[in-house]
Amino acid sequence: MRQKAVKELTVEEQFELIKRGTVEVVPEEELKQKLAKAKKEGIPLRIKLGIDPTAPDIHLGFAVVLRKLRQFQDMGHEVVLIVGDFTAGIGDPSGRSETRPVLSAEQIRANAETFTSQFWLILDRSKTTLTFNGDWLGKMTFYDVIKETSRVTVARVLERDDFQKRLAEGRPIGLHELMYPIAQALDSVEVRADVEIGGTDQRFNIMMGRDLQEAHGQEAQVGLFMPLLPGLDGVQKMSKSLGNYIGITEPPKNMFGKAMSIPDEVMLQYFELATNLPKEEVDQIKKGLEEGTLHPMDAKKRLAYEITRLYHDEEAAKREKEEFERVFSQRELPSDIPDAVVPGSELSDGKIWAPKLLVVTGMAKSNREAKGLIEQGAVTIDGERVADPNSDIEVQTGQILKVGKLRFGRLVLGE
RNA sequence: GGGGGGAUUCCCGAGUGGCCAAAGGGAGCAGACUGUAAAUCUGUUGCGGAACGCUUCGGAGGUUCGAAUCCUCCUCCCCCCA
């Protein structure tokens, strides 16, 4: 997927590549001008991305943005990552109907650690500058802050959707939250960003960056807005806090399995945003699905395969695909079943009360939950259904305990 | 500073002395159907091995045989006036 270096691509070619997959480039003309100037002078553009280290893992939704950045790098441009160690203490109101919880300094640092180590799975480290906005925002005096805020009107800030909504619904808005867009905009001023990239929910903040840069006598940055990848539920955007995400460092098994569980409706979006398949191929899949010549499940397997391949390798992707087919299509046992240890102290005469078995092996949280599962016919041992929640059952090492469709355990009797 | 409204289980939200482990919806889990998708139908979702008991309705006290519900104080939120 290496792109040609900056000098080899025409401005038009660069522009087309950059534009692909974005929702909007604002304004397009300015981007072309910047690209032309960069090419002419041989000075790479500075592409800014701000990250709030609120959630420690990078997921496919965020990867959409990172992958676009990588594209810039492959064209020879530079990426400036700004870890919002300072702004995390404010809480970005974007896309939120509630006030964000404010993180502790230790939490922020720990998250930033994880984040940065995961960046290099996608980005080219040699073309990335990593900064922390506490380095400059933290040094501003109250006077400095007031001076900056004087450039922005209250009406302008309250325009934004998130605030409007909360006001209408009578939910709280902290005064500090109004400051967030200004803080983010000052980042753009500080690093003299040529382009700022973000999800569509970043529109307001990025536009504010343009305003403040101009106020500081700089050339305004171009806003590049990426689509938000829907989460596993197919409805809300992928996010850590909603738990509907696929992390880019997840093991192949989870990655493949989670990808298979997305609703059909968002499959194409995933192909477009989360894989490296060329446009022509995605179009072909789309056509196949529409005409009914391609089975949705086959398409989804392909998707899961591509995603797994991207963050692991060909072999892992292949293995998980076969595994998936074995377990779910043929309904055979998975090849790798974790041990489920039953302490000897729980046994009497080699028997154990059925709900207890689920609890000691971690298959259920409580006896009550376990009883419910048994009553609903979710539990089998060696393929045989455990029907009576009151029964004591005889267990042996090596038996396969299955709870629901996904939870397997190979019983191991302890001392 | 003054006046009014509010906080209920994972989320939203009903409940204004016992019939309340608390309606309804969402979400989750499970079963059927399937393509481990969606949709649909059914069941289930505080804890303790039954009876029954225990813990839970913002926090702390109190009234009462009995409190999510009444009283006092506290914390937090929203609206109006200034």
Side-chain angles (χ1 to χ4, degrees), chain A residues 96-102 163-177 230-236 239 241-246 253-271 285 288-289 292-305 307-308 320-334 345-348 351-360 362-380 383 385-393 401-408:
Chain A
R96 279 275 172 152
S97 48
E98 282 169 41
T99 305
R100 266 181 199 264
V102 169
F163 293 145
Q164 284 297 334
K165 225 161 127 187
R166 278 202 254 165
L167 278 174
E169 289 169 8
R171 291 166 186 273
I173 299 172
L175 185 55
H176 65 292
E177 293 183 84
L232 300 177
D233 53 20
V235 182
Q236 294 186 274
S239 88
S241 56
L242 293 171
N244 60 356
Y245 69 99
I246 302 177
K253 193 186 194 65
N254 293 9
M255 214 174 243
F256 197 98
K258 282 186 176 179
M260 286 307 290
S261 78
I262 65 165
D264 287 359
E265 292 72 49
V266 296
M267 202 157 52
L268 278 170
Q269 290 182 68
Y270 271 68
F271 268 117
I285 290 168
L289 286 172
T293 51
L294 176 63
H295 194 289
M297 189 181 63
D298 290 329
K300 207 179 285 175
K301 277 185 196 165
R302 176 74 196 280
L303 174 67
Y305 179 88
I307 291 173
T308 310
E320 290 313 324
K321 181 165 182 279
E322 282 162 10
E323 179 79 358
F324 179 86
E325 283 163 355
R326 174 163 63 243
V327 178
F328 297 106
S329 304
Q330 334 259 330
R331 294 189 184 274
E332 285 172 22
L333 292 173
S345 56
E346 300 291 346
L347 294 168
S348 61
K351 291 185 172 182
I352 183 168
W353 182 46
K356 199 85 195 167
L357 176 66
L358 299 195
V359 173
V360 299
M363 299 290 194
K365 283 198 283 291
S366 65
N367 292 349
R368 285 187 174 268
E369 186 183 307
K371 278 174 77 171
L373 288 167
I374 293 168
E375 276 163 8
Q376 310 205 34
V379 179
T380 60
R385 182 150 293 174
V386 178
D388 183 1
N390 293 314
S391 60
D392 289 328
I393 47 181
L401 174 65
K402 186 183 179 196
V403 180
K405 290 193 187 75
L406 299 168
R407 280 167 283 176
F408 292 90

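Remember, predicted model here, so these are calculated numbers, not experimental data.
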Do Glu320(A) and Met255(A) have side-chain heavy atoms sitting under 4.5 Å apart?
no
Can you name the nearest heavy-atom pair linking Tyr245(A) to Leu232(A), along with the distance?
O-CD1, 3.8 Å
Can you find a heavy atom in the side chain of Met267(A) that is under 4.5 Å from one in the side chain of Leu289(A)?
yes
What's Arg407(A) touching, base or sugar-phosphate or nothing? Going by heavy atoms closer than 4.0 Å.
sugar-phosphate
Using Watson-Crick geometry (N1-N3 plus N6-O4 or O6-N4) or G-U wobble (N1-O2, O6-N3), each under 3.5 Å, C10(B) is paired with G26(B)
Of U44(B), A37(B), G35(B), the nucleotide closest to the side chain of Pro296(A) is G35(B)
Re G53(B): Watson-Crick or G-U wobble partner, both distances kept under 3.5 Å, found to be C47(B)
Whole angstrom is fine here: how far is it from CZ in Arg166(A) over to C1' in C77(B)?
13 Å
What nucleic acid atoms does Pro389(A) come within less than 4.0 Å of, heavy atoms only: base, sugar-phosphate, or nothing?
nothing
Return the nearest nucleotide to the side chain of Leu373(A); candidates are A38(B), G48(B), A30(B).
A30(B)
The side chain of Asn367(A) is closest to which nucleotide in this list: G48(B), G35(B), A32(B)?
G48(B)
Distance between C1' atoms of G4(B) and G53(B) (Å, rounded)
43 Å
To the nearest Å, give me how far apart CG (Leu294(A)) and C1' (A37(B)) are.
14 Å
Taking the side chain from Tyr305(A) and the backbone from Phe256(A), do they hold a donor-acceptor pair closer than 3.5 Å?
no
Within the structure, does a side-chain N or O atom of Ser366(A) lie under 4.0 Å from either OP1 or OP2 of C47(B)?
yes
Nearest heavy atoms of Val327(A) and Pro334(A), plus distance in Å
CG2-CA, 3.4 Å
Using the C1' atom as the reference point in each nucleotide, state the distance between A82(B) and U75(B) in Å, no decimals.
25 Å
Taking C-beta and beyond as the side chain, do His295(A) and Lys300(A) meet within less than 4.5 Å on heavy atoms?
no
How long is the line joining CD1 of Ile374(A) and C1' of C29(B), in whole Å?
15 Å
Given atom CG of Asp233(A) and atom C1' of C10(B), what is their separation to the nearest angstrom?
15 Å
Which part of the nucleic acid does Gly234(A) contact within heavy-atom distance under 4.0 Å: base, sugar-phosphate only, or nothing?
nothing
With a 3.5 Å limit on both atom pairs, tell me what C41(B) is paired to, counting Watson-Crick and G-U wobble, or say none.
G31(B)
Integer angstrom distance from the C1' of U40(B) to that of U34(B)
11 Å
Asp264(A) has its side chain closest, among A38(B), A30(B), G35(B), to G35(B)
Which residue, Met267(A) or Ala378(A), contacts RNA chain B at a nucleotide closer to its 5' end, judged by nearest heavy atom?
Ala378(A)
Determine the Euclidean distance between corresponding P atoms of C78(B) and C57(B); express it in Å to zero decimal places.
24 Å
How far, in whole Å, is A68(B) from C80(B) if one measures between their C1' atoms?
29 Å
To the nearest Å, how far apart are Lys365(A) NZ and G46(B) P?
11 Å
For residues Leu358(A) and Ile374(A), determine if any side-chain heavy atom of one lies less than 4.5 Å from a side-chain heavy atom of the other.
yes
Need one value for Gly377(A): base, sugar-phosphate or nothing, where a base atom within 4.0 Å counts as base even if backbone is also close, heavy atoms only.
sugar-phosphate
Would you tell me if any nitrogen or oxygen in the side chain of Lys405(A) comes within less than 4.0 Å of OP1 or OP2 on G31(B)?
yes
Whole-angstrom distance between U16(B) and A30(B), as gauged at atom P
37 Å
Looking across every strand, which nucleic acid part, if any, lies under 4.0 Å from Asp298(A) by heavy atom: base, sugar-phosphate, or nothing?
nothing
Rounded to whole Å, NZ of Lys300(A) lies from P of A37(B) at a distance of 8 Å
Check nucleotides 50-55 of chain B for protein N or O atoms closer than 3.5 Å to its own N or O atoms and list the pairs.
from, atom 1, to, atom 2, distance (Å)
A50(B), OP1, Lys371(A), NZ, 3.4

Which is more 5' along RNA chain B, the nucleotide nearest Gly372(A) or the one nearest His295(A)? Just name the residue.
His295(A)
Between atom CD1 in Ile246(A) and atom C1' in A37(B), what is the gap in whole Å?
13 Å
So which atom in Gln236(A) and which in Asn244(A) form the shortest heavy-atom distance, rounded to 0.1 Å?
O-ND2, 3.6 Å
Under the criterion side chain to side chain contact (heavy atoms under 4.5 Å, CB included), I'd like the reasoning laid out for Val360(A) against Ile352(A): C-alpha separation, chi angles, the key distance, then a yes or no.
CA-CA 10 Å; Val360(A) 299; Ile352(A) 183 168; 4.2 Å; yes
I need the minimum non-hydrogen distance between Asn367(A) and Trp353(A), along with the two atoms involved.
ND2-CZ3, 3.6 Å
Could you tell me how far apart Gln236(A) (CD) and C10(B) (P) are, to the nearest whole angstrom?
19 Å
Rounding to the closest angstrom, what is the interatomic distance between G66(B) and C19(B) at atom P?
14 Å
Whole-angstrom distance between G62(B) and U69(B), as gauged at atom P:
14 Å
